[in-house]
Amino acid sequence: MKFLVYFLLIAAFLVNTLESVAMVEQKDVIRVGLSNSSFSTFEFDKATIITNDTGSILDMASGIQVKDIPAKTEIKFVMVNNEFFAVVNGKELVKNAKGPVVILSKGKLGIKNLNRKGNPAFYNGMIELKAAYPQGKNKFNIINVLDLQTYLKGVVPNEMPVTFGLNALKAQAVAARNYANRPQNVYKNYDICDSTACQVYYGANSENPISDRAVEETEGIFALYNNEPVLALYSSTGGGITENYEAVYGTGSSFYNSKPYLKSVKDNNSADFPKTEENLKEFYSNNVPSFDLKSPKHRWKVDFERFELEDTLTKTLREQSLKSLVYPGFGEKDEVWGLEDIKVVKRGESGKALEVEIRSMAGVWRVKKELGIRRTFKKGKSILWSGNFVVEKNMPAEPVEIVKSELKSENKVEEKEGKILEKSSENVENADKDKVLEDKNSENKEQEPIFTFLKPEKKTAQELIIESFKPGEPKRVYKNGMNIPLPDSFSFIGAGFGHGVGMSQYGAGYLSAQGVGYDAILKHYYSGIKLGTMPKKVSYNNYNQTFVLNLYVDDINEGSAGVLPHSISQNPLKEEITKLYNASKAPAKYILSIDNEKKPSNIEFYVNKTRFNPPTKGLYGKVITMDITKYLENGKNTITFLPLSEADKDKAIYFWVEIEK
């Protein structure tokens, strides 16, 4: 039975690869690129796969299969001359395989010396080894191929603590399901990666019963906008207000880069969001009530000693300049010293810093983009918690005395009264003597000098400071060129953790604790969305394969609006919480839609055990809709479409479900 499942996984992969469709469908099978223990590479030249039950190896190019590999076997794979070799206890099981090579097991598959969360990494599904792109460099990718639901069970507990509660985990499961199904052209051999560059996937050993339940009880459900799955971004802590998508991720005109469902959202409707720098400082310095108030990064402060920050900026500005996020460019020989001020010159709707000016005696630079700014102001190995901050410069408590011994005497000019700089005798002899004296006939008349005084060019205070620096030593100054003391430190006073776009995970956890359903949590953070399923394609086949959509329902005739599970009479967010709670408890309608554009002669399907055969005549070019709520039950439901008839073998239809509240 297990091998039948793997066969279906392979078949589904081949269909998804070869077949292009008009509408974006749910991925029933997902391909995850696995990285090494440090998440630094996705390319390998060798790997050891461990079976914890009976397994087999299949070379997809030749069709050759090695069966009945015992449990607990370590299979060593290497790539030589762009071909795969598999060795067990010194014996070659596979050689000169073009690949991809697939490893199957009745149980889980492990990868030796790969750890996740401190445990050996084991995976459900199958492992595929495929030559890395571009081919010909003796490197391969390790890909975990498995069904979407099982994949999500290895994601949700690694993206959100299970202590946040079931409804928060359900919201996270839907967001992760959306993210996994987003269109992407980044990776050639797989759909998604396993690191924070995508969403964290640690495999079977990281699964948890509570998060497993959250995945199961949202099966089939996506967050949709205009019937398309949204890009469900999320971060740890919004700080009470989220940011517009285009401010953080957009390029060029914000009109063409905006996403209407990723708009700035406030938790606290009664809080006036500040716009001035002074009011922002007050806002970030106080725990203004919001859904993510319990986050340790709801409000924060990071202090930098000035010399420490100068050293940091000298490194980070160069790094961000290579990404074209610093202007003017910061070159290899540039340094930051004499740091005078840091100012936010452009902010987003949430107050997020989108452009920052760094002013120093060495030069003035501007850094743009939320992530570029956070990476610029690193503290140790940690980037700044978020872009929502104000900068406070801290001046010395007492006047600073500058050590003047650094200023060399050669920079001073000693002038002696009546001293004339003379030319060499050779030049004097060659001079036109008639022009040397203005009046030869008057011996007592004061002679005008042959040459004028050579006045040295006066150097600026800043030039004198620069000349005082010793080669190879840090450039440390305490006053600027106008003899004004420089700050001795800078404080970043801020709110939130992460990019701040979309769902705040700590906010979701708080709302879950108040009894708010996952649908209302999602609708709070993603403006104007609906919940529902992605389209499922139905076509003709001669082996009578049906087309199944699984849908979990838990709100049929909910009807408990207005009855909050906790007393919140003293909660400053009572109004906001009550509204969301009531919205989540309202009864839902489940609307089945069928795209009838291709005009099939017959459509037949089942909602659980109830058969339907709606007429298609007269509905050409339209969408057939019907309320199927009364045919559903709380728990897992199945909608099954029969294949189209042979008369419609060149046609296809799509069906999906929308949840109305």
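This chain uses plain numbering: 1 for the first residue, then up along the sequence.
Residues satisfying the salt bridge (Lys or Arg N to Asp or Glu O under 4.0 Å) criterion with E217, sequence neighbours excluded, are K170, R213. Listed by chain and residue number, E357 satisfy the salt bridge (Lys or Arg N to Asp or Glu O under 4.0 Å) test with R359 (two or more places apart in sequence, or in another chain). Not a single ring pair (Phe, Tyr, Trp, His ring centres under 6.0 Å) links F222 to another residue, sequence neighbours left out. With sequence neighbours excluded, the residues satisfying salt bridge (Lys or Arg N to Asp or Glu O under 4.0 Å) with R374 are E370. Under the side chain to side chain contact (heavy atoms under 4.5 Å, CB included) criterion, N119 pairs with N205, sequence neighbours left out.
Judged by distance alone, with hydrogens and angles left aside, the side-chain atoms of T533 form no donor-acceptor pair with the main-chain N or O of I221 at under 3.5 Å. Side-chain atoms of K393 do not come within 3.5 Å of backbone N or O of L486 as any donor-acceptor pair. Between the side chain of D292 and the backbone N or O of G238 there is at least one donor-acceptor pair closer than 3.5 Å. Here the side chain of R177 pairs a donor or acceptor atom with the backbone of T218 at under 3.5 angstrom. The backbone N or O of A232 lies less than 3.5 Å from no partner atom in the side chain of R182, so there is not a single donor-acceptor pair. Within the 3.5 Å criterion, the main-chain N or O of G154 finds a donor-acceptor partner in the side chain of N158. Counting only distance, with no hydrogens or angles, the side chain of T276 and the backbone of N279 share a donor-acceptor pair below 3.5 Å. One N or O on the side chain of S211 and one on the backbone of N208 form a donor-acceptor pair closer than 3.5 Å. A distance-only check finds no donor-acceptor pair linking the side chain of N178 to the backbone of P229 [under 3.5 Å]. Of the possible polar contacts, none joining the S512 side chain to the A508 backbone as a donor-acceptor pair under 3.5 Å is found.
Ring planes of Y201 and Y123: tilted class, angle from 30 to 60°.
A 4.5 Å side-chain heavy-atom check between R375 and K323 finds at least one atom pair inside the cut-off. The shortest side-chain heavy-atom distance between F492 and I342 falls under the 4.5 Å cut-off. Put simply, the side chain of E277 reaches to within 4.5 Å of the side chain of R347, judged on heavy atoms. Using a 4.5 Å heavy-atom threshold, the side chains of K343 and E355 count as separate. Counting heavy atoms from C-beta outward, W300 and Y284 have side chains that stay 4.5 Å or more apart. Inter-residue side-chain proximity for E349 and F273 is flagged as unmet; no heavy-atom pair is nearer than 4.5 Å. By the 4.5 Å heavy-atom criterion applied to side chains, V288 and R299 are counted as neighbours. The closest side-chain heavy-atom distance from F42 to S195 is below 4.5 Å.
Here the CG-CG distance, from L580 to L573, works out to 10.0 Å after rounding to the nearest 0.5 Å. For the atom pair I383 CD1 and I373 CD1, the distance stands at 11.5 Å (nearest 0.5 Å). Atom NZ of K153 is separated from atom CD of E216 by 4.0 Å, given to the nearest 0.5 angstrom. The line from CG of L169 to CD1 of I210 is 7.5 Å long, rounded to the nearest 0.5 Å. Between the CZ atom of F304 and the CG atom of L313 there is a distance of 8.0 Å, given to the nearest 0.5 Å. Note that the CD atom of E159 and the CD atom of Q505 stand 6.5 Å from one another [nearest 0.5 Å].
Nearest heavy atom pair, residue T314 against residue F330, reads O-CE2, 3.4 Å. Scanning both residues, Q26 and G220, for their nearest heavy atoms gives OE1-CA, 4.2 Å. The nearest pair of heavy atoms linking L339 to V336 is CD1-CG1, 4.4 Å. When all heavy atoms are compared, the tightest approach of I192 to A180 is CD1-CA, 4.0 Å. The two residues E576 and P572 make their nearest non-hydrogen contact at OE1-O, 4.2 Å. For the pair T316 and T376, the tightest heavy-atom approach, listed with the atom from each and the gap, is OG1-O, 2.8 Å.
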Could you walk me through whether N394 and S491 pass the side-chain hydrogen bond (donor to acceptor under 3.5 Å, both in side chains) check? CA-CA 7 Å; N394 307 309; S491 296; 3.1 Å; yes
In sequence, state the C-alpha distance, the side-chain angles, and the governing distance for E308 and K379, and then conclude on salt bridge (Lys or Arg N to Asp or Glu O under 4.0 Å). CA-CA 9 Å; E308 168 201 8; K379 181 75 172 180; 2.9 Å; yes
Does D272 form a salt bridge (Lys or Arg N to Asp or Glu O under 4.0 Å) with K266? I'd like the steps, not just the answer. CA-CA 10 Å; D272 293 328; K266 289 197 306 182; 5.4 Å; no
Between F389 and V356, is the side chain to side chain contact (heavy atoms under 4.5 Å, CB included) condition met? List the steps. CA-CA 11 Å; F389 62 82; V356 172; 4.2 Å; yes
Take K579 and E575 through the salt bridge (Lys or Arg N to Asp or Glu O under 4.0 Å) test and state the conclusion after the steps. CA-CA 6 Å; K579 182 178 179 181; E575 181 181 337; over 6 Å; no
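The cationic atom of K259 (NZ for Lys, CZ for Arg) lies less than 6.0 Å from the six-membered ring centre of Y245 and within 45° of the ring axis. A cation-pi arrangement is not found for K294 relative to Y506, the charged atom failing to lie both closer than 6.0 Å to the ring centre and inside a 45° cone about the ring normal.
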Could you list the donor-acceptor pairs under 3.5 angstrom formed between side-chain atoms of residues 519-526 and any protein atom two or more places apart in sequence or on another chain?
unit_1 : atom_1 : unit_2 : atom_2 : d
D519   : OD2    : K661   : NZ     : 2.7
H524   : NE2    : D267   : OD1    : 3.0
Y526   : OH     : L233   : O      : 2.7

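Atom CD of E305 has more than 12 neighbouring heavy atoms from other residues, nucleotides or ligands inside a 6.0 Å radius. K117 NZ: more than 12 foreign heavy atoms inside a 6.0 Å radius.
Side chains of Q199 and Y234: a donor-acceptor N/O pair is present below 3.5 angstrom, by distance only. Remark: the S206 side chain and the R116 side chain contain no N/O donor-acceptor pair separated by less than 3.5 Å. A donor-acceptor contact under 3.5 angstrom links the side chains of S350 and N388, judged on distance only. A donor-acceptor pair shorter than 3.5 Å cannot be found between the side chains of D303 and S489. S35 and D194 share a donor-acceptor pair across their side chains, judged by distance under 3.5 Å alone.
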